[in-house]
Amino acid sequence: MERLPRGINSILLGTVYHPPQSDDHVLRMHIFKCLDSLLATYPNSAILVLGDFNQFKPGNLCNSFRLKKLVTKPTRESNIIDQAFSTLSPYYDAIILPPIGQSDHSSILLQLILTHAPSLPTTRLQKRDYRAPNKQNLISRLNTVNWTPLMRLNSCEEQLDSFQSVVHVALNSCIPMRRQQRVKLKTCKSDWKEIKAGVPQGTKLGPLFFLIMVNDLSSELPLYKYVDDCAISEVVRVCEPDLPKLQQELDNVTQWSSANNMKLNVKKTKDFTVSFLINQPLAQPLIVNNQPLEAVNTIKLLGVNLTSDLKWTTHIRHISSKASKRLYALRILRRNGVQPSDLRANSPVLQSGIAVKHIAKCCPSKFKCRIEGCGASHHTLLHIPNQQKKESNQDSSQKDGSDLQAGSVNTAFLQYSDAVLLQVVPLRVFGKRGKVVTVSAMLDSGSEITLVDPSLASTLDLYGQPDELVVSTVSNDIDIQHGYRVNLSVESLIDN
């Protein structure tokens, strides 16, 4: 390879010998810490870890660093005990060769894969704009040329030069080689100007002029306009005729568009129905420009995904997917040594379609604290007695603020503050064979999975496959825990 692939600055190379019957967890943990530390020092590096791994199982090591196995054929008898884990799988292929010397292991040669054809000399072709109007302009231009001076020239060379000059000027004017633009206002036209660079589409006053044009668009039904998007809605009862007014309003919008020299985009116009009936009524399709509109169950309106049953599942799944992609990018940036202060997101996706603030006075829940004399909009387990608040404020000037004390059952808060650090809510957990247990769950917004105490899993007869859990903290401390992956169902007791 003459040079490293684009985006790769260096290669991290590691060799491993893993004796038989050795602990896979120890080796996996060692490789995990070494790679994580090296990538923080040398970001944008490729990884190549090779050696005699015997029966080593990488577990989630490959997924954490996007490693691929390069060796796919046996290296000793019928077993693959020599392996190479690398992020360079698109560029290298493992070739199995005979053993060297007295070794009983086959040799492995990483051969470069030719990912692109050899570069050839670049040839640039300039093409004129041969559209029909331009050709017609050229014909009209040449028909108006006075060829008498050309015929009076003495030599053929002078006549040829004059003819080529006239034709060249006409070609550049009517069928230009490069993009040109001019301004036309009714019958007045400006001179052509050559576009020497890419320019933004539209103008600064374009949106304002468009709003002025669509301002007179009205309807007897509820009409919602936002820039170039428009939505019309109608409430239809089952006993009434099938959407007579909505089709009429669509016809009026189509006529208004034609009168204003605009055209509706039928492919982007959708028929969206919200209905909670078990047996959906058969509605006649809506027609625009003699074409039926596509009936859909999901639409995206101003960034919010709406479904025919008005549930948030689709929108939350979409937002969660976008948030997961950004969280993965933040993990990679943090692993490559980017400072936490530089990892602040400019446009949080989790606020899309959701209220920015959720405060007690605006909460729709009717649940109130059950402590006598309180009645605030918080869970009973999160209640902090007034006496403890006063003592906390009085002692804050005398005690170190880092101490913690229990404010109430299963609730911890700072000595000098009323802010709750970890929220606790009651849950009902369902297991197998109809077993139900009521427990208190601790909410940790920084966790990506749900952890269950082994005693609770045993009580509910929950058993699963062994699995490993990678625990990572904000200080880059990493630990791997062993456990079991189980399935359970929970139910909130709030408001019950």
Side-chain angles (χ1 to χ4, degrees), residues 1-2 4-5 7-42 44-116 328 331-332 335 448-449 454 463-472 478-487:
M1 183 180 294
E2 298 179 357
L4 292 175
I8 298 178
N9 298 332
S10 57
I11 298 179
L12 302 178
L13 178 62
T15 58
V16 172
Y17 173 67
H18 186 53
Q21 307 302 326
S22 298
D23 189 359
D24 293 347
H25 172 69
V26 176
L27 177 59
R28 191 183 305 113
M29 197 60 197
H30 176 72
I31 298 177
F32 200 106
K33 291 183 178 180
C34 290
L35 293 180
D36 199 62
S37 176
L38 290 173
L39 287 176
T41 307
Y42 305 100
N44 300 326
S45 298
I47 301 174
L48 178 58
V49 182
L50 45 82
D52 185 357
F53 285 90
N54 284 294
Q55 303 300 326
F56 172 72
K57 296 181 180 179
N60 59 356
L61 184 64
C62 295
N63 293 333
S64 300
F65 298 97
R66 292 188 171 183
L67 300 177
K68 300 292 184 180
K69 295 181 180 180
L70 301 183
V71 181
T72 58
K73 297 181 180 179
T75 59
R76 184 185 178 187
E77 297 179 355
S78 61
N79 300 320
I80 302 178
I81 60 178
D82 301 281
Q83 188 57 265
F85 298 93
S86 178
T87 57
L88 297 173
S89 57
Y91 308 101
Y92 286 97
D93 189 17
I95 306 299
I96 307 300
L97 300 177
I100 298 177
Q102 298 181 355
S103 175
D104 57 349
H105 292 246
S106 299
S107 302
I108 301 175
L109 174 64
L110 298 183
Q111 187 176 16
L112 178 63
I113 302 175
L114 186 61
T115 57
H116 55 83
Y328 174 77
R331 293 192 190 100
I332 297 301
R335 182 178 296 169
E448 299 178 350
I449 62 175
Y463 302 99
Q465 297 295 330
D467 199 355
E468 293 181 346
L469 172 66
V470 179
V471 181
S472 177
I478 299 176
D479 188 19
I480 298 181
Q481 300 290 337
H482 297 272
Y484 296 89
R485 184 180 295 272
V486 298
N487 296 323

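Along the sequence shown, residues are numbered consecutively beginning with 1.
The number of heavy-atom neighbours closer than 6.0 Å to NE2 of H25, taken from other residues, nucleotides and ligands shown, is above 12. Other residues, nucleotides and ligands contribute only 12 or fewer heavy atoms inside 6.0 Å of the CG atom of N487. Enclosure of atom CG in L109 by more than 12 non-hydrogen atoms of other residues, nucleotides or ligands within 6.0 angstrom is indicated.
Proximity of D23 to L27: side-chain heavy atoms (C-beta onward) are nowhere separated by under 4.5 Å. Within the 4.5 Å cutoff, the side chain of R485 has no heavy atoms near those of the P466 side chain.
Considering NZ of K33 and CG of L38, their distance stands at 14.0 Å, rounded to 0.5 Å. L97 contributes atom CG, which lies 9.0 Å from atom CD1 of I108 (distance to the nearest 0.5 angstrom). Expressed to the nearest 0.5 Å, how far CG of L61 lies from CG of L35 amounts to 6.5 Å. Here the CG atom belonging to L48 is positioned 8.5 Å from the OH atom belonging to Y92, to the nearest 0.5 angstrom. Going from atom OG of S106 over to atom CD1 of I95 covers 12.5 Å, rounded to the nearest 0.5 Å. One finds the CG atom of D52 at 8.0 Å from the CZ atom of R76 (value rounded to the nearest 0.5 Å).
When all heavy atoms are compared, the tightest approach of S107 to P98 is OG-O, 3.0 Å. Shortest non-hydrogen contact noted between P74 and I96 is O-CG2, 4.0 Å. The minimum heavy-atom distance between K69 and P58, with the atom names listed, is CE-CG, 4.2 Å.
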Between side-chain atoms of residues 8-22 and protein atoms elsewhere (two or more places apart, or another chain), which donor-acceptor pairs fall under 3.5 Å?
from	atom 1	to	atom 2	distance (Å)
S10	OG	S45	OG	2.7
H18	NE2	D24	OD1	2.9
S22	OG	P19	O	2.9

Which side-chain N or O atoms in residues 78-87 pair as donor and acceptor under 3.5 Å with protein atoms at least two apart or in another chain?
from	atom 1	to	atom 2	distance (Å)
D82	OD1	H105	ND1	3.4
D82	OD2	T75	OG1	2.9
D82	OD2	H105	ND1	2.8
Q83	OE1	V71	N	2.9
Q83	NE2	V71	O	3.2
S86	OG	I47	O	2.7
S86	OG	L88	N	2.9
T87	OG1	I47	N	3.0

Problem set entry | I31 vs F65, side-chain contact (heavy atoms from CB on, under 4.5 Å): CA-CA, chis, key distance, verdict | CA-CA 11 Å; I31 298 177; F65 298 97; over 6 Å; no
